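Quick caveat: nothing in here was measured; it's all calculated off a predicted structure. A note on names: the letters A, B, ... follow the listed sequences, proteins ahead of strands, and every chain is numbered from 1.
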Amino acid sequence: DVKVTQSSRYLVKRTGEKVFLECVQDMDHENMFWYRQDPGLGLRLIYFSYDVKMKEKGDIPEGYSVSREKKERFSLILESASTNQTSMYLCASRLNRWYEQYFGPGTRLTVT
Amino acid sequence: AQSVTQLGSHVSVSEGALVLLRCNYSSSVPPYLFWYVQYPNQGLQLLLKYTTGATLVKGINGFEAEFKKSETSFHLTKPSAHMSDAAEYFCAVSEAGNQGGKLIFGQGTELSVKP
């Protein structure tokens with residue numbers, strides 16, 4: 001079975017802190033994704049990566065950056081956390097563009 | 001541009017009743033279509049997908065969906081609801097090969113099942 005893990009299930013940070021969210025997949029997938037999920041808005045794509053060291057902006061990249069130094073790991077970085085970044089963050093991976101995405105359990109981030 | 005509309009943010013059914021969750025999409029090319037389920041405090045799990053071929057797709061937990069090109073719909077059904085089906089359901093569309101096959105999600109439908 002594909003396994004996508006995220007470093008934390010719950011996280012509380014203060015405004016202005018630098019925040020790292022880590023995602024690891026164990027199935028040698030090429031593509032990885034970061035979404036945020038907010039009530040009534042569904043899932044919105046922040047960034048995605050087709051391959052190692054490659055990244056593309058999604059629909060809401062402002063205030064976020066990403067890093068993919070190894071194939072199995074995709075990190076989401078909030079350079080200076082703000083309260084409007086309080087949300088559920090979901091990581092996903094897939095073999096390539098012809099296949100479905102597999103999701104991690106999510107990280108619920110609260111910024112106070 | 002692609003988009004997905006799920007009709008009804010909340011659907012309530014009785015245990016044993018038919019489940020029908022509606023999804024309409026827009027796409028400029030033949031789409032790939034997906035239904036995902038999310039249980040409380042968990043990530044999304046794939047229920048079923050349509051890529052090509054047979055338009056009636058069967059998934060896990062007794063769910064199925066039918067791709068109707070003329071209606072641009074991909075409604076999710078289950079003949080008999082179970083209490084364990086209570087969850088949030090997301091429909092998604094992907095134009096495989098276009099823009100890397102990004103997924104566009106609907107806003108989600110929360111399914112409640114009454115005893």
Side-chain angles (χ1 to χ4, degrees), chain A residues 1-11 21 23-25 27 29-51 54-61 87-109, chain B residues 1-10 21-25 29-53 57 59-60 63 65 74 87-110:
Chain A
D1 279 353
V2 176
K3 191 166 186 181
V4 180
T5 57
Q6 296 183 228
S7 51
S8 305
R9 293 299 305 274
Y10 300 93
L11 208 52
L21 302 183
C23 176
V24 178
Q25 50 93 3
M27 286 300 292
H29 284 178
E30 292 180 3
N31 306 161
M32 296 187 75
F33 304 81
W34 275 106
Y35 297 89
R36 64 176 283 177
Q37 181 181 13
D38 300 288
L41 297 178
L43 276 76
R44 294 179 291 167
L45 182 64
I46 304 172
Y47 267 98
F48 59 106
S49 169
Y50 289 123
D51 207 340
M54 297 179 68
K55 59 185 179 183
E56 295 281 342
K57 292 181 179 179
D59 300 316
I60 52 164
S87 187
M88 170 71 92
Y89 290 88
L90 292 165
C91 175
S93 74
R94 70 181 178 195
L95 181 61
N96 57 47
R97 63 187 181 186
W98 307 107
Y99 290 83
E100 64 271 19
Q101 295 184 22
Y102 293 86
F103 284 81
T107 295
R108 188 167 294 281
L109 173 66
Chain B
Q2 295 170 282
S3 66
V4 177
T5 302
Q6 291 183 238
L7 294 176
S9 59
H10 193 106
L21 304 182
R22 300 178 186 273
C23 174
N24 288 89
Y25 69 92
V29 299
Y32 284 16
L33 295 159
F34 305 83
W35 275 100
Y36 284 87
V37 60
Q38 185 179 33
Y39 298 103
N41 297 315
Q42 294 187 26
L44 276 67
Q45 179 184 1
L46 182 69
L47 270 179
L48 49 79
K49 64 180 179 180
Y50 169 80
T51 54
T52 58
V57 180
I60 61 172
F63 284 93
F74 191 56
E88 190 154 22
Y89 292 79
F90 292 93
C91 181
V93 62
S94 169
E95 293 179 352
N98 183 9
Q99 296 185 0
K102 289 192 295 182
L103 276 183
I104 305 298
F105 286 88
Q107 287 93 334
T109 297
E110 186 173 355

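- For the pair Leu44(B)/Leu43(A), a side-chain contact is recorded, criterion being any heavy-atom separation below 4.5 Å from C-beta on.
- In this structure, OH in Tyr35(A) is found 4.5 Å from CZ in Phe105(B), a value given to the nearest 0.5 Å.
- Neither the backbone nor the side chain of Arg44(A) comes within contact range of chain B; no heavy atom of the residue lies under 4.5 Å from a heavy atom of that chain.
- No donor-acceptor pair closer than 3.5 Å links the side chain of Arg108(A) to the backbone N or O of Asn41(B).
- Interface remark: Tyr10(A) contributes side-chain atoms only to the contact with chain B (heavy atom separation under 4.5 Å).
- For the pair Leu90(A)/Gln38(B), a side-chain contact is recorded, criterion being any heavy-atom separation below 4.5 Å from C-beta on.
- For chain B, the nearby part of Gln37(A) is the side chain; its heavy atoms alone come within less than 4.5 Å.
- From Arg94(A), atom CZ reaches atom CG of Leu103(B) across 6.5 Å, with rounding to the nearest 0.5 Å.
- For the pair Gln101(A) and Tyr36(B), the tightest heavy-atom approach, listed with the atom from each and the gap, is O-OH, 2.9 Å.
- Using a 4.5 Å cut-off between heavy atoms, Asp59(A) contacts chain B through its side chain alone, with no backbone atom that close.
- Shown here are the ring pair (Phe, Tyr, Trp, His ring centres under 6.0 Å) partners of Tyr25(B), two or more places apart in sequence or in another chain: there are none.
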